[in-house]
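Below, chain A is the first sequence line, B the second, and so on; all start at residue 1. Values below: all heavy atoms of this structure, side chains included; hydrogens, waters and symmetry mates excluded. Computed from a prediction, not measured in an experiment: that's the story for all the values here.
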There are 2 protein chains.
Amino acid sequence: MCGSFRRTARALTQMYERALRPSGLRATQLTILQVLVRAGEVSQGRLGEMLAMDSTSLTRTLAIMRRAGWIAERRGEDRRERRVRLSSAGEAKLRRALPAWERVQARLRGKLGQREWGSLLKLTHHVTEIARTQGGLP
Amino acid sequence: MCGSFRRTARALTQMYERALRPSGLRATQLTILQVLVRAGEVSQGRLGEMLAMDSTSLTRTLAIMRRAGWIAERRGEDRRERRVRLSSAGEAKLRRALPAWERVQARLRGKLGQREWGSLLKLTHHVTEIARTQGGLP
DNA sequence: CCAGAATAGATGTATATACATCTATATTGC
DNA sequence: GCAATATAGATGTATATACATCTATTCTGG
């Protein structure tokens, strides 16, 4: 199952990133921008939880995005935290990238059909939750 | 959908690799060994197709596995090709790793249920095929 | 209040992965 | 048969990702 998901993730990433290439955004970066739109300002650790990604892996990705000016960071009240949020440049970047993103996504949804599309979103979420809780326990 | 698959793939990879850590195999490496058991000797390009992975990405992963002694390589009749196959050390490595892999997989299957498990395998395969054919076309 | 434990990220290191480009070989059109 | 073209991988470069370990900060028991 892990292999199946990894294979599909590779295939989808190639398809989506091909569509996104003109915008200069990678799949992970666009996902982070989208999350920040909905979540507002969050700590790096919280962002990692939302993405099921090791929070220290985000250190590098967020540094790239901060250098590009798409996000802004500041220290939290807890000074160990780094709190990130969308910058206006990031908002603009996302807005310009979304049409291509939505085109490729709509085409996939068309090929899959509404029923399978919905099933997949539900199932992937379910699997993520299971893996999240099982992963930690031996 | 791309983001969902990538998130789930990360979560699953963390879970599976945690179980595989004593064996020293990464998820991708175990997948390759399993594919080679079934496929016998294949070219690097063909292996890339089976995994939906860019064949030049395999250059590095296969080099690691060859150094570790898990696979053997030779030139094909077409001298541009590299044909890879499981070595006996790779077979042994896989055999020792499989129990842990099967335990984590069985636990996940139990949590998901047989019906969802089967749906997921079918759906991920379907999505891979769609992405594979759509990815190339504008 | 303070020493020890816990937590949030930063950093070092390794693998995974893609694409552009380069090289070696093969195929093809004439 | 050879020049032009196509193909299989190798290599350079960039991002993605995890974990172990380190540092700075916070929390907690006494």
Query raised in the report: Going by atom types alone, do B:Thr13 and A:Arg6 pair a side-chain donor with an acceptor below 3.5 Å?
Result: yes
**Report entry** Side chains of B:Gln44 and B:Val84 in contact at under 4.5 Å (non-hydrogen atoms)
**Finding:** no
**Report entry** Bounds of contact between DNA chain D and chain B, in 5' to 3' order, using a heavy-atom cut-off under 4.0 Å
**Finding:** D:dA6 to D:dA20
Report summary line: Taken in chain and number order and not counting sequence neighbours, the residues that satisfy salt bridge (Lys or Arg N to Asp or Glu O under 4.0 Å) with A:Arg103 are none
Report summary line: Residue set satisfying ring-ring contact (aromatic ring centres under 6.0 Å, His included) with A:Trp117, at least two apart, ordered chain then number -> none
Report task. Find which nucleotide of DNA chain C each of B:Arg26 and A:Leu58 is nearest to by heavy atoms, and output the residue with the more 5' nucleotide. Result -> A:Leu58
Requested in this report: For A:Asp54 and for B:Glu73, find the nucleotide of DNA chain D with the closest heavy atom, then tell me which residue's nucleotide is more 5'.
Outcome: B:Glu73
Report task. Using only heavy-atom distances, determine whether the side chains of A:Arg82 and A:Ser43 contain a donor-acceptor pair under 3.5 Å. Result -> no
Query raised in the report: Which is true for B:Ser43 with a 4.0 Å heavy-atom rule: it touches a base, it touches only sugar-phosphate, or it touches nothing?
Result: sugar-phosphate
Report task. Tell me what B:Arg60 touches on the nucleic acid: a base, only sugar-phosphate, or nothing, going by heavy atoms under 4.0 Å. Result -> base
Query raised in the report: Crowded around B:Arg75 CZ? As in, over 12 foreign heavy atoms under 6.0 Å?
Result: yes
Query raised in the report: In terms of the nearest nucleotide of DNA chain D, which residue is placed more toward the 5' end: A:Arg80 or A:Ser55?
Result: A:Ser55
Query raised in the report: Counting any heavy atom closer than 4.0 Å, what does B:Glu17 reach on the DNA or RNA strands: base, sugar-phosphate only, or nothing?
Result: nothing
